[in-house]
Amino acid sequence: MLDVDAIIKMAAPEERIYRHRCVEGWSIVVPWVGFSLRELIKRADPLPKAKYVEFTTLYDPKQMPGQRTGVLQWPYVEGLRMDEAMHPLALLCFGMYGEVLPNQDGAPLRIVIPWKYGFKSAKSIVRIRFTSDQPMNTWQRSAANEYGFYSNVNPNVDHPRWSQAKERRLGEFFKRPTLMFNGYDQVASLYSGMDLKKNF
Ligand SMILES: Nc1nc2c(c(=O)[nH]1)N[C@H]1C(S)=C(S)[C@@H](COP(=O)(O)O)O[C@H]1N2
Ligand SMILES: [Mo]
């Protein structure tokens, strides 16, 4: 067990300006505050059999009215493959716009995975666990044919109910083209040899 105050002191905070692309077709550019998730993982020193990281988030229907409904199975859970979580772009985040993270954006601690659809960027994390099997993330559990485990931003793989080729940047009128890996080509080697149409 590690206190959140101890976690955020593990490395120097950095401001990282990332594109954010929601699976539903909107996007935004956000200045986050945090440091690479790998800093925390290195401290935790996982066993070699740890192949994935699972993030469980806060279940508190008193504070979070959406959780009083059955739209999803709560708590919201997300997961990453270990090499994805160890990629320097994967951010452990506790602030935005130079301020402490607001509750609605995932206080006190969230992850930001800029090359994946926004739902992979779990907010208000209360538990991090290493696993040898691929974790079942909440959206995949709810509709596995629509939301995969990887969910890398990919303009060539449409959602079954809408195209992913374009996106609307909040505040803009015309749509702009969506970029492979949301423009973060640095991560491409994580997926070399994988069929990204199958592993969507
Ligand atoms: N715990 C939790 N994390 C979550 C979600 C959620 O419903 N619960 N929604 C996801 C989705 S779909 C998106 S697009 C981003 C939105 O982040 P923001 O609220 O900071 O804009 O959070 C993601 N993380
Ligand atoms: Mo989203």
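Counting starts at 1 for both ligands and their atoms, following the listed order.
The nearest heavy-atom contact from the protein to atom 19 (O) of ligand 1 is Lys123 NZ, 2.5 Å. In terms of protein heavy atoms, atom 17 (O) of ligand 1 is closest to Arg110 NH2, 3.3 Å. Looking from atom 7 (O) of ligand 1 to the surrounding protein, the closest heavy atom is Tyr76 CE1, 3.7 Å. The single protein non-hydrogen atom nearest to atom 21 (O) of ligand 1 is Asp105 OD1, 3.8 Å, given as residue, atom name and distance.
Close contacts of ligand 1 with Ser121, meaning ligand atoms under 4.0 Å from a residue heavy atom, involve 22 (O), 23 (C), 24 (N). Taking a cut-off of under 4.0 Å to the non-hydrogen atoms of Thr57, the atoms of ligand 1 that pass are 1 (N). Residue contact check: Gln104 has heavy atoms under 4.0 Å from atoms 19 (O) of ligand 1.
Residue Trp32 has no nitrogen or oxygen atom sitting less than 3.5 Å from a nitrogen or oxygen atom of ligand 1, judged on distance alone.
For Met96, the closest heavy-atom approach to ligand 1 does not fall below 4.0 Å.
With a heavy-atom cut-off of 4.0 Å, His20 touches ligand 1 through its side chain alone.
Of all heavy-atom pairs spanning Glu15 and Gly98, the tightest one is OE2-N, 4.1 Å.
A parallel orientation is assigned to the rings of Tyr191 and Phe181, their planes being inclined by less than 30° (bins at 30° and 60°).
Of the possible polar contacts, one joining the Trp74 side chain to the Leu72 backbone as a donor-acceptor pair under 3.5 Å is found.
Each of His20, Gln164, His159 was scored for a side chain to side chain contact (heavy atoms under 4.5 Å, CB included) with Tyr117, with one residue passing: Gln164. Looking at Arg16, His87, Glu14 one by one, the single match for side-chain hydrogen bond (donor to acceptor under 3.5 Å, both in side chains) with Ser36 turns out to be Arg16.
Within the 6.0 Å centre-distance limit, the rings of Tyr147 and Phe119 are counted as a close aromatic pair.
Of the options Ala122, Gly118, Cys93, Pro75, the smallest heavy-atom separation from atom 23 (C) of ligand 1 is shown by Gly118.
Taking the centre and axis of the six-membered ring of Tyr184, the NZ or CZ atom of Lys116 falls outside the cone set by 45° and 6.0 Å. Cation-pi check for Arg110 over Phe55 is not met; the charged atom does not lie both under 6.0 angstrom from the ring centroid and within 45 degrees of its normal.
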